[in-house]
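For reference, the structure is listed below as structure tokens.
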Amino acid sequence: SEANARIVAIFAQPGVPKLEPLKALLLPLFPQNEDGPGDWLQVDSPSKVADVVLEWLVEGSSIYLPPHCLWRDTLLSLLRRTGRWLEVDATGSVRLAAVSG
């Protein structure tokens, strides 16, 4: 898909902080919960999470990706690569991970 090709292109760029800009865009979507990891958000398009990922994918490029180009599997695969700050469950939902320590 076009979205998958764009993700591959982003990760192929040397020396670019690939996921920090995405994290900065995603964090405001999650309600802050001091007692635990927080509520789950759906990622299936249309969703705020999918919209933010699309925004990140086209940032700094001249391409246009319509929402239907971001397949669920592509979106979930990308979100699983973001690091331990985000949990992705089998149903296709995400939430902030519990802070350990």
Side-chain angles (χ1 to χ4, degrees):
S1 77
E2 296 164 33
N4 199 34
R6 179 68 181 143
I7 291 167
V8 169
I10 289 170
F11 279 94
Q13 297 173 11
V16 175
K18 294 150 182 71
L19 294 174
E20 285 302 312
L22 178 59
K23 181 179 180 180
L25 291 170
L26 285 171
L27 279 175
L29 298 180
F30 296 95
Q32 296 298 317
N33 185 353
E34 309 238 346
D35 299 328
D39 296 332
W40 291 98
L41 297 178
Q42 291 297 314
V43 299
D44 287 338
S45 188
S47 73
K48 290 181 181 180
V49 174
D51 291 345
V52 165
V53 170
L54 276 172
E55 177 185 334
W56 173 76
L57 285 173
V58 300
E59 188 174 282
S61 76
S62 60
I63 66 168
Y64 168 72
L65 290 174
H68 70 271
C69 285
L70 186 58
W71 297 340
R72 182 178 191 269
D73 290 344
T74 301
L75 179 57
L76 291 174
S77 175
L78 173 65
L79 293 172
R80 285 185 182 105
R81 295 172 75 173
T82 59
R84 291 188 283 179
W85 65 273
L86 192 64
E87 290 181 52
V88 181
D89 76 358
T91 67
S93 297
V94 295
R95 69 177 176 184
L96 291 179
V99 178
S100 60

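Throughout, residue positions are numbered sequentially from 1 according to the sequence presented.
- Separation of atoms CZ (Arg80) and CG (Leu75) is listed at 9.5 Å; rounding is to 0.5 Å.
- Contact of the Leu78 side chain with the Leu22 side chain is registered, since non-hydrogen atoms from C-beta on lie closer than 4.5 Å.
- Shown here for Arg81 and Phe11, the closest heavy-atom pair between the two residues is NH2-CD2, 3.6 Å.
- Of all heavy-atom pairs spanning Ala50 and Val43, the tightest one is CB-O, 3.7 Å.
- Take Arg72 and apply the salt bridge (charged side-chain N to carboxylate O under 4.0 Å, His left out) test, not counting sequence neighbours, and it matches Asp44.
- Of all non-hydrogen atoms in Val53 and Leu79, the two that sit nearest each other are CG2-CD2, 4.3 Å.
- At a threshold of 4.5 Å between side-chain heavy atoms, the hydrophobic network of Ile, Leu, Val, Met, Phe, Trp and Tyr places Val88 and Trp40 in two separate groups.
- Partners of Asp89 according to the side-chain hydrogen bond (donor to acceptor under 3.5 Å, both in side chains) rule, which considers only residues two or more places apart in sequence or in another chain, are Thr91.
- Counting heavy atoms from C-beta outward, Leu26 and Trp56 have side chains that stay 4.5 Å or more apart.
- Taking every heavy atom of both residues into account, Val49 and Gln42 meet most closely at CG2-O, 4.0 Å.
- Looking at heavy atoms from C-beta onward, Asn4 lies out of side-chain contact with Trp71 at the 4.5 angstrom threshold.
- For the pair Leu57/Leu70, a side-chain contact is recorded, criterion being any heavy-atom separation below 4.5 Å from C-beta on.
- With a 4.5 Å cut-off on side-chain heavy atoms, Leu25 and Glu55 count as touching.
- Contact detail for Arg6 and Glu59: the closest heavy-atom pair is NH2-O, 3.5 Å.
- Smallest separation of non-hydrogen atoms from Glu87 and Leu96: OE2-O, 4.0 Å.
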